**Q** 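Before I ask anything, let me first share the structure, which is written out below as structure tokens.
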2 protein chains.
Amino acid sequence: MSVQTTASKTAASNGAARTTTPHGEAWGALARTHAAVSQRLQEALAQGDFPPLPWYEMLAAIADSPDQRMRMGELAEAMVITRGGLTKLVDRLVKAGLLERTFCETDRRVSYATLLPAGQHLLAEMRPVIVGELEVAFSANLSVRQAEELRETLDGVRGSACGGG
Amino acid sequence: MSVQTTASKTAASNGAARTTTPHGEAWGALARTHAAVSQRLQEALAQGDFPPLPWYEMLAAIADSPDQRMRMGELAEAMVITRGGLTKLVDRLVKAGLLERTFCETDRRVSYATLLPAGQHLLAEMRPVIVGELEVAFSANLSVRQAEELRETLDGVRGSACGGG
DNA sequence: CAGAAGAGATTGTAGATACAACTATTGTCA
DNA sequence: TGACAATAGTTGTATCTACAATCTCTTCTG
């Protein structure tokens with residue numbers, strides 16, 4: 001246990017970034033919900049002596065890609081962190097024996113983060129923990145249909161936020 | 001300009017934390033949307049030479065409270081950061097002349113973060129920037145009614161995530 | 001085919017956050 | 001009342017991340 005022992009109780013009271021407009025409140029709810037769920041996931045991982053959430057996200061992203069490998073730039077984009085930050089994150093997973101760096105023959109600038117068996121095994125252990133926590137958090141309130149609608153709504157918002165309007 | 005030049009283009013392709021379940025995808029969309037909107041807000045603030053987003057969130061939280069002041073613990077909970085982190089964040093805003101620390105007569109353990117006029121003025125300048133960006137991101141896709149529904153849905157999820165299921 | 005412009009990734013450094021240990025104050029109970 | 005537990009904040013330390021500068025390699029252009 002540990003991982004942000006601070007909140008996770010009555011957070012429904014006061015709101016950060018409240019702007020009094022409906023859209024502002026939606027954003028506030030989005031931010032707090034993200035934080036709450038994220039904390040829950042990290043607590044669950046810490047309880048099982050697993051690595052932190054970003055490690056899981058990286059392993060999952062690579063595992064879901066067709067060749068079990070991803071270019072650094074793609075990974076940075078998928079995980080929404082800077083390229084510099086990604087380089088160092090990959091460094092840690094490589095040092096832990098979960099990934100290895102491979103290189104591109106045709107374009108020698110690009111390097112891949114490639115999943116190793118140890119990474120696959122660890123991911124297989126972590127996935128049920130994450131999925132279980134998400135089920136608790138989401139399925140108590142949302143049907144499968146509603147979850148899909150939520151995803152579509154959020155994807156739409158993200159589209160506007162990225163594109164620029 | 002700057003603030004995370006990495007992503008913000010085709011993030012719709014591959015997904016971090018994808019678990020293949022509907023709820024997992026909803027969580028993935030939630031995480032990426034939060035990151036995208038958050039980035040957009042930070043870019044907008046940076047462009048206007050404003051302080052970073054957590055400063056705005058803190059000023060807004062305190063300004064929305066009845067006495068223009070909040071206990072450290074409450075603030076930490078509202079902003080979903082640790083108490084230790086909050087102490088240092090408040091330190092910075094105090095040093096910037098936006099807040100001051102005040103103390104409780106009846107319980108000398110508690111200290112308040114109290115809004116100063118400079119903080120109010122800065123908040124008044126930042127609010128329209130934030131609100132404007134949120135309108136672009138949200139109102140393009142969501143009616144007021146839909147925004148409220150989204151807020152309710154997310155609050156429900158947060159309730160499950162906090163309480164424990 | 002040379003040189004400039006652009007793309008992909010890494011490194012250095014500063015700033016911010018979490019975690020754990022600590023101090024100070026208040027509450028409880030024998 | 002006196003000891004022990006609980007609560008509110010702060011501080012020390014390590015880790016993580018963003019940002020900017022840099023390096024290598026590729027592509028474009030004359």
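So you know, we letter chains A, B, ... as the sequences are listed, proteins then strands, and number each from 1. In this text, all values refer to a predicted model and were calculated from it rather than measured experimentally.
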**Q** Would you state whether a donor and an acceptor, one from the side chain of B/Lys88 and one from the base of D/dG12, lie under 3.5 Å apart?
**A** yes

**Q** Does OP1 or OP2 of D/dT10 have a side-chain N or O of B/Arg101 closer than 4.0 Å?
**A** yes

**Q** For the pair B/Asp64 and B/Arg69, find out whether any cationic side-chain nitrogen is under 4.0 Å from an anionic carboxylate oxygen.
**A** no

**Q** Whether the side chain of B/Gln146 engages the backbone of B/Ser143 through a donor-acceptor N/O pair (distance < 3.5 Å, no angle test) should be reported.
**A** yes

**Q** Any idea which of C/dA9, D/dA18, C/dA18 is nearest the A/Met72 side chain?
**A** C/dA9

**Q** Using atom CG of B/Leu86 as one end and atom C1' of C/dA16 as the other, report the distance to the nearest whole Å.
**A** 13 Å

**Q** Locate the shortest heavy-atom distance separating A/Ala63 from A/Arg127; write the atom from each residue and the value.
**A** CB-NH2, 4.4 Å

**Q** When you measure only distances, ignoring hydrogens and angles, does the side chain of B/Arg109 come within 3.5 Å of the base of D/dT7 through a donor and an acceptor?
**A** yes

**Q** Tell me whether the OP1 or OP2 atom of C/dT11 has a side-chain N or O from A/Arg83 closer than 4.0 Å.
**A** no

**Q** Does the side chain of B/Arg108 get closer than 4.0 angstrom to OP1 or OP2 of C/dA24 through an N or O atom?
**A** no

**Q** What nucleotide among C/dG8, D/dA8, C/dT11 has an atom nearest to a side-chain atom of B/Val110?
**A** D/dA8

**Q** Contact class for B/Ser111 (heavy atom, under 4.0 Å): base, sugar-phosphate, or nothing?
**A** sugar-phosphate

**Q** Hey, which sits more toward the 5' end of DNA chain C by its nearest nucleotide, B/Asp107 or B/Trp55?
**A** B/Trp55

**Q** On DNA chain D, check which nucleotide each of A/Thr106 and B/Thr87 is closest to and give me the residue with the more 5' one.
**A** B/Thr87

**Q** Could you give the CD1-to-P distance, from A/Ile81 to D/dT15, as a whole number of Å?
**A** 18 Å

**Q** How far does CD of A/Glu57 sit from CD1 of A/Ile81, to the nearest 0.5 angstrom?
**A** 9.0 Å

**Q** In whole angstrom, what separates B/Arg71's CZ from C/dT25's C1'?
**A** 13 Å

**Q** Measure from CZ on A/Phe103 to P on D/dT24 and round the result to the nearest Å.
**A** 14 Å

**Q** On a heavy-atom basis, which atom in A/Ala161 and which in B/Arg40 lie closest, and how many Å separate them?
**A** O-NH1, 2.8 Å

